[in-house]
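Remember, predicted model here, so these are calculated numbers, not experimental data.
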2 protein chains.
Amino acid sequence: MGSPGSSTGRDDRVLIVTSPPSRRRRATVHDVATEAGVSRGTVGRVINGDGYVSASAREAIEAAIKKVGYVPNTAARTLVMQRSQAVGFIVHEPHSLFLEDPNIGEILLGANTALSASDYQMVCLIVDSDRDTERVARYLSGGFVDGVIIVSARQDDPITRVVERLSLPAAFVGHPPDLGTAAFVGIDNRGSARTITTRLLETGRTRVGMIAAALDRDSGADRLAGFTEALGARFDPTLVEPVPLYSYRAGLEGMRALLAREPLVDGVFAASDAVAAGALEALREAGRSVPEDVGVVGFDDSAWATRCQPPLSTVHQPAAGLGQRAAESVLRQVDGAEPEVDQIVLETPIVWRGSA
Amino acid sequence: MGSPGSSTGRDDRVLIVTSPPSRRRRATVHDVATEAGVSRGTVGRVINGDGYVSASAREAIEAAIKKVGYVPNTAARTLVMQRSQAVGFIVHEPHSLFLEDPNIGEILLGANTALSASDYQMVCLIVDSDRDTERVARYLSGGFVDGVIIVSARQDDPITRVVERLSLPAAFVGHPPDLGTAAFVGIDNRGSARTITTRLLETGRTRVGMIAAALDRDSGADRLAGFTEALGARFDPTLVEPVPLYSYRAGLEGMRALLAREPLVDGVFAASDAVAAGALEALREAGRSVPEDVGVVGFDDSAWATRCQPPLSTVHQPAAGLGQRAAESVLRQVDGAEPEVDQIVLETPIVWRGSA
DNA sequence: TTGTACGCGTTATCAC
DNA sequence: GTGATAACGCGTACAA
């Protein structure tokens with residue numbers, strides 16, 4: 001092993017014992033090079049697949065890599081390349097929504113598929129407290145990701161501001177950010193709500209209400225707006241029951257309240273499938289049969305839709321597609337494209353089942 | 001500005017235009033130093049809060065940081081510190097499970113809370129294809145994370161092997177790895193299943209069956225083993241209906257099959273709440289009332305349990321606690337502790353509601 | 001074809 | 001108190 005101090009400064013570290021007891025030191029390109037009896041440059045050429053290496057050298061190096069168990073250090077590579085080959089996926093939701101919202105999981109998987117195809121690593125970051133907000137902002141600033149996909153951004157969100165300041169390639173899913181120049185992929189909540197409400201009216205209902213969830217978010221407000229438009233002159237505000245969340249429980253309680261106030265209601269647009277499922281339960285309690293006495297429609301076409309009794313008529317939300325398109329937009333921007341062209345609105349076909 | 005080539009090599013980069021059109025160059029410590037008219041060393045001292053800086057220098061530097069919009073480059077910091085202040089959370093599930101399993105979300109949130117409290121960034125990595133497996137393995141090797149929490153590892157999983165080879169601090173949640181030395185946090189599936197089955201028997205049922213899901217995973221197999229133990233001599237294999245997944249649909253179809261084969265069944269242990277919810281639907285179809293004709297118990301105490309009609313008697317699974325304990329174990333190991341002491345089994349209280 | 005040397009942005013250790 | 005300067009591990013022009 002050579003006497004201490006005789007070799008270059010670089011090798012001194014072998015003698016330094018770090019505080020965690022005996023965590024094995026990582027092999028470096030340097031180690032591979034000495035093991036194979038070549039220089040670091042040649043090793044680099046083999047690793048990156050750039051030609052101009054003799055067969056003998058390549059062989060020796062590949063053997064050495066296996067022997068010392070070399071794995072490239074991504075942090076170093078990121079530093080020198082100014083590229084991490086990673087894209088962040090930021091989820092900023094209160095607990096309940098993260099757990100209940102079936103769309104987020106699908107958006108996540110859709111984005112991952114697209115990124116994976118381009119050999120990018122998706123790193124999902126959860127923002128669940130103020131402390132998280134700050135830390136995630138630091139993380140993004142740190143150059144660990146080449147871009148971000150943001151689900152449900154807040155107005156004037158610190159994270160959005162950081163992204164803007166770094167001019168980090170970004171795509172917003174579902175809820176548009178306040179900056180008009182950013183890429184956005186989503187659906188037409190208002191138009192879809194209008195369409196399915198119209199469809200519900202066409203089944204001959206005369207007293208159609210809505211359980212309107214999450215009016216503080218644009219998706220919630222837009223769905224109510226579409227509902228209002230569809231009814232036109234027939235719109236009656238007393239038939240709208242606002243509830244806080246897109247949840248089963250909100251639907252259950254909302255429907256109970258609506259029934260108590262308006263017993264004659266014969267049609268309901270629930271702001272999401274989970275809400276609709278809760279509404280069905282309330283109707284069952286009240287002895288109303290669906291769709292005979294009351295027609296019910298939902299929104300999302302999530303797993304709820306098919307497991308309800310009767311299965312829900314609803315608006316199909318292309319969640320996986322949203323994630324995929326967002327990922328593709330980010331990758332385009334990483335390659336130098338301008339974001340403003342990416343204002344994508346995906347189709348939302350109506351799926352008609354038995355509940356109306 | 002200055003004439004080209006006249007300054008040090010370091011400043012040449014200003015002249016180099018990278019291919020992405022006009023992405024703003026990041027400010028560095030160097031920039032801050034020149035702006036404030038001090039050296040890099042002093043700037044470093046201010047950033048890291050180490051004392052020994054004059055008030056005037058500190059003021060000038062803080063102003064400069066604001067002015068040039070400096071944010072530390074985490075990749076560089078990781079490289080020199082050999083620490084990323086990040087912990088990976090690896091989810092390795094087929095689509096359906098990731099979307100349906102209510103526990104994963106809670107485990108995730110629990111882990112994030114614990115990591116966040118120690119100012120660690122949690123990065124969630126999804127493994128959804130062979131390609132993902134390889135890329136995630138590379139990512140872990142790259143030094144981007146100081147440790148990992150692994151949910152549902154496979155036997156002989158490439159990721160597990162990489163973790164082992166790097167001796168990366170790790171904690172396995174739910175499904176124990178094949179290596180006995182690793183940290184593990186989970187529940188006693190077999191004991192819990194035995195307890196709740198016994199409890200169901202005590203309500204006076206005489207023909208008790210089980211819808212046994214996911215027998216290819218140890219959780220599924222263990223729950224069946226517990227059920228078998230509880231019945232002892234009364235165990236009758238024809239009352240066990242195996243189904244592939246912990247899903248609503250599996251429960252629905254499993255219960256139909258069980259009823260067709262054994263119409264006299266008066267008690268059912270469903271391997272999860274989702275399965276139990278499906279079973280309730282099948283019983284309703286068949287005109288059996290719960291709990292009068294048939295007692296039903298589940299497992300997980302997830303959102304399903306309270307939204308069923310009647311609400312489920314079930315085994316409470318402390319999902320958030322699992323995530324939290326796993327995170328704490330990883331953090332301890334990052335600080336140099338040995339993993340083997342962390343073989344944690346959390347309590348699973350029985351929650352008795354109306355379904356049995 | 002291969003080796004050398006420099007720089008990526010930090011932190012940390014020295015002399016001054 | 002403060003300013004040089006050596007690492008960290010890797011990519012890559014450039015020289016040999």
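- For B:Asn48, no side-chain nitrogen or oxygen approaches OP1 or OP2 of C:dT10 to under 4.0 Å.
- Separating the CZ atom in A:Phe172 from the CD1 atom in A:Ile150 is a distance of 4.0 Å, to the nearest 0.5 Å.
- At C:dC8, none of the side-chain N or O atoms of B:Thr28 fall inside 4.0 Å of OP1 or OP2 (strictly under the cut-off).
- In this structure, A:Leu79 CG and A:Thr74 OG1 are separated by 12.0 Å, a value rounded to the nearest 0.5 Å.
- Expressed to the nearest 0.5 Å, how far OH of B:Tyr139 lies from CG of B:Asp132 amounts to 13.5 Å.
- How far OG1 of A:Thr133 is from CD1 of A:Ile90: 10.0 Å, rounded to the nearest 0.5 Å.
- Considering only the side chain of A:Val29, D:dC10 comes nearest among D:dT2, C:dG9, D:dC10.
- One atom, CD1 of B:Ile47, and another, P of C:dA12, lie 12 Å apart when rounded to the nearest Å.
- Across all their heavy atoms, A:Ala76 and A:Asn73 have their closest contact at N-OD1, 3.0 Å.
- OP1 or OP2 of D:dG9 has at least one side-chain nitrogen or oxygen of B:Gln82 nearer than 4.0 Å.
- The residue B:Ala75 sits apart from the nucleic acid: no heavy atom pair falls under 4.0 Å.
- When the nucleotides D:dT12, C:dT10, C:dC8 are ranked by their closest atom to the side chain of B:Tyr70, C:dT10 comes out on top.
- Nucleic acid contact for B:Val71: sugar-phosphate only, since backbone atoms but no base atoms lie under 4.0 Å from a heavy atom of the residue.
- With the nearest nucleotide of DNA chain D identified for both A:Pro72 and B:Ser56, B:Ser56 has the one nearer the 5' end.
- The nearest whole Å value for the distance from the CZ atom in B:Phe144 to the P atom in D:dG9 is 15 Å.
- Whole-Å rounding puts the B:Leu79 CG to C:dG7 C1' distance at 12 Å.
- Atom-to-atom distance recorded for B:Asp130:CG and A:Ser116:OG is 10.0 Å, nearest 0.5 angstrom.
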Under 3.5 Å between N/O atoms: give me all the protein pairs with nucleotides 3-5 of chain D, atom names plus distance.
from, atom 1, to, atom 2, distance (Å)
D:dG3, OP2, B:Ser39, N, 3.1
D:dG3, OP2, B:Ser39, OG, 3.3
D:dG3, OP2, B:Thr42, OG1, 2.4
D:dG3, N7, B:Arg45, NH2, 2.9
D:dG3, O6, B:Arg45, NH2, 2.8

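- A:Tyr70 contributes atom OH, which lies 10.0 Å from atom CG of A:Asp31 (distance to the nearest 0.5 angstrom).
- The nucleotide whose nearest atom lies closest to any side-chain atom of A:Ala76 is, among C:dT2, D:dC10, D:dC8, D:dC10.
- Between B:Thr74 and the phosphate of C:dT10, there is no side-chain N or O to OP1/OP2 separation shorter than 4.0 Å.
- Atom CZ in B:Arg83 sits roughly 20 Å away from atom C1' in C:dG9 (whole-Å rounding).
- The interatomic distance linking A:Met81 (CE) with D:dG9 (C1') rounds to 14 Å, in whole Å.
- Phosphate contact (OP1/OP2 of C:dC8, side-chain N/O of B:Asn73, threshold under 4.0 Å): absent.
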